[in-house]
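In what follows, a structure is listed as structure tokens, so that the remarks can point back to it.
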Amino acid sequence: MIQPGQHFTRGILANLTYWQEQVCQMTDADAHLFLQEQANLLLAVEMGLALVETRPSANALLMQLFPLIERCAYWQRWLPLWETAVAAATKDVAATQSRMAQQARLLNYLGQLRRLNGQVDQAIQRHEEAQTIAQQAGDNRSLAEAWGNLALDNHARRAYDLAESYGQQALTLFDTLDNAEKWQATLWNTLGLVALEQQNFAQAEIRLRQSAAIWQQLQHPTQLARILKNLGILFQQQQNYLLAGHCYQEALQHLAATDSDLDRMQVQMNLGVLHFLQQQYTQAEVAFRLADSFLRRHHGSYVTQAIVAQNLGNVLVKQQRLAEALVCLQQAAILWQQLQDRLNLANTLGTLGEALGLLSDVQTAVTTYDEALALLTHYPTHPWAQKLQREFLMERAALLAQSSQPA
């Protein structure tokens, strides 16, 4: 095998150094530059990972790029390179503490990409590997990040006790480390969502405001907007629609100076939900159609596609446009099945049952409700699941009563 010459290797290193300097200067307002140069960045990292001598620089650039990859939702496109980086680090026989620490960091980032891509089980596997390696290397920062990620992973699969435990462990360890503010803000947000989804609204608000205060101090408009969006959801769930709307509008104001198009779309979608809850169905549909148009142009994640399809289905049912609603709801159901998200699938099936009932297809509607109710048995203590269960049982009974069929 012909070995690359020193000039070639130095050229790759110089290219990696150039991109590190460029990326270092990018802010939330420069995501368009990342998108413009993404093909060149992919090539630079791919070539850097191919050689042992250039691999550390390629890994450093990859980790530097992570916030941009995350913000622009190009998770799927970058996953193969992260897998390559982790595989190369795993094969490295010289398991020094510094190389083990880098391996743990790469695993943490790879797990995050897997979680963002809806592959939570794979994310947990990578973060547990990172935890083990970080403990062996005595690397407290990577260990804290592994615990923090496991908190986010378990929140994603609604294992709230584990999410709370890992989150508190991570916060305790981050308290002993320098430059930990970003992770602390992230964890307060996650723990806020854990409280919110269990309807502990007072605790959720305290935690979310703690996260918002840190992001504001760090002057991170995109992250601050995400917390404001979550605060909007909190107030929305308490039917304080005025305050929820203020939070969403403030989030959009912070995002106006950024290139965070995906975040803007998500806030607009939440405004659509707010319109829906106030029975302003035309305004809600406009918001959801805009979100759907954005996703078709930018190939958003399955999770986001499923949420938009579900929301469109909901508003179309309310407008009695049932044939259109069925298409959207069936699309959402397929996506939730692919993501193995039983709770959201049950929610979609319940709305599908409602639409079928309005179309007088009683038998199929009842069967669909039964499928939804069977899925909800997996969440005996989840507040939203219990609320859905009560609603679906009432709707099913009312449908049977109207059709004079036995329950």
Validation row: Trp82, Phe66 side chains within 4.5 angstrom (heavy atoms):
yes

Donor-acceptor contact below 3.5 Å, side chain Ser165 vs main chain Asp161:
no

Kindly say whether Leu255 contributes a backbone atom to a donor-acceptor pair with the side chain of Thr258 at under 3.5 angstrom?
yes

Dump the intermediate steps for salt bridge (charged side-chain N to carboxylate O under 4.0 Å, His left out) on Arg264 and Asp261, then the final yes or no.
CA-CA 5 Å; Arg264 261 194 297 275; Asp261 291 337; 2.4 Å; yes

Is it the case that the side chain of Thr17 and the backbone of Leu13 share a donor-acceptor pair, with hydrogens and angles ignored and the cut-off at 3.5 Å?
yes

Decide if the gap between the ring center of Phe235 and the ring center of His246 is smaller than 6.0 angstrom.
no

Looking at Arg207 and Glu164, is any side-chain nitrogen of the basic one under 4.0 Å from a carboxylate oxygen of the acidic one?
yes

Between the side chains of Gln280 and His275, is a donor N or O closer than 3.5 angstrom to an acceptor N or O?
yes

Got Gln389 and Leu373 here, is their nearest side-chain heavy-atom distance under 4.5 Å?
yes

Between Glu285 and Arg321, is the salt bridge (charged side-chain N to carboxylate O under 4.0 Å, His left out) condition met? List the steps.
CA-CA 12 Å; Glu285 185 185 354; Arg321 290 156 60 187; 2.8 Å; yes

Output side-chain donor-acceptor pairs under 3.5 Å for residues 174-182, partner residues at least two apart or in another chain, one line each.
residue	atom	partner	partner atom	Å
Asp175	OD1	Gln184	NE2	3.1
Thr176	OG1	Leu173	O	2.6

Side chain of Gln125, backbone of Asp121: donor and acceptor closer than 3.5 Å?
no

Give a yes or no on whether the backbone of Ala123 and the side-chain of His127 come within a donor-acceptor separation of less than 3.5 Å.
yes

Donor-acceptor side-chain pairing of Gln236 and Tyr248 below 3.5 angstrom
yes

Euclidean distance, Thr172 OG1 relative to Trp147 CH2, rounded to 0.5 Å:
8.5 Å

A side-chain contact here means heavy atoms from C-beta on lying under 4.5 Å apart; do Thr368 and Thr364 qualify?
yes

N-O pairing of Glu46 and Arg77 below 4.0 Å
no

Using only atom types and a distance under 3.5 Å, with no angle test, would you say the side chain of Asn154 pairs donor to acceptor with the backbone of Leu150?
yes

Going by an N to O cut-off under 4.0 Å, is there a salt bridge joining Glu324 and Lys318?
no

Is any side-chain heavy atom of Leu343 less than 4.5 Å from a side-chain heavy atom of Leu376?
yes

Exam field: side chain Ser142 to backbone Asp139, donor-acceptor pair closer than 3.5 Å
no

Under a plain distance cut-off of 3.5 Å, with no hydrogens placed, do Gln278 and Tyr241 share a side-chain donor-acceptor pair?
no

Which atom pairs, donor and acceptor, lie under 3.5 Å between side-chain atoms of residues 210-225 and protein residues at least two apart or in another chain?
residue	atom	partner	partner atom	Å
Ser211	OG	Ala185	O	2.7
Thr222	OG1	Asp28	OD2	2.7
Thr222	OG1	Ser260	OG	2.6

Sidechain-backbone polar pair: Glu145 side chain, Ala104 backbone, donor-acceptor under 3.5 Å:
no

Are Leu231 and Leu234 side-chain neighbours, meaning at least one heavy-atom pair lies under 4.5 Å?
yes

Within the 3.5 Å criterion, strictly below it, is a donor on Gln310 or Thr348 matched to an acceptor on the partner's side chain?
yes

Other residues, nucleotides, ligands: >12 heavy atoms within 6.0 Å of Gln238 CD:
yes

Looking at Glu354 and Gly350, would you say the former's side chain and the latter's main chain have a donor-acceptor pair under 3.5 Å?
no

Main chain of Leu49, side chain of Arg55: is a donor-acceptor contact present, judged purely on distance under 3.5 Å?
yes

To the closest 0.5 Å, what do you measure between CG (Leu81) and CG (Leu110)?
11.5 Å

Could you go through the salt bridge (charged side-chain N to carboxylate O under 4.0 Å, His left out) check for Glu371 and Arg396 one step at a time?
CA-CA 12 Å; Glu371 288 178 38; Arg396 181 184 182 278; over 6 Å; no

Quick one about His155 and Glu197 (side-chain donor to acceptor, distance below 3.5 Å, no hydrogens or angles considered), yes or no?
yes

May I ask you to test the Glu37-Trp19 pair for a side-chain heavy-atom distance under 4.5 Å?
yes

Mind checking whether Leu329 and Leu349 have side chains closer than 4.5 Å, heavy atoms only?
no

Assign the ring pair Tyr369 / Phe392 to parallel, tilted or perpendicular, where the plane angle (0 to 90°) is split at 30° and 60°.
tilted

Pair up each side-chain donor or acceptor in residues 112-120 with any protein partner under 3.5 Å, not counting sequence neighbours, and list the distances.
residue	atom	partner	partner atom	Å
Arg114	NE	Glu83	OE2	3.4
Arg114	NE	Gln122	OE1	3.4
Arg114	NH1	Gln119	OE1	2.9
Arg114	NH2	Glu83	OE2	2.6
Arg115	NH1	Asn149	OD1	3.3
Arg115	NH1	Asp153	OD1	2.7
Arg115	NH2	Asn149	OD1	3.4
Asn117	ND2	Gln76	OE1	2.6
Asn117	ND2	Gln119	OE1	3.3

For a 4.5 angstrom cut-off between non-hydrogen side-chain atoms, does Arg105 reach Asn108?
no

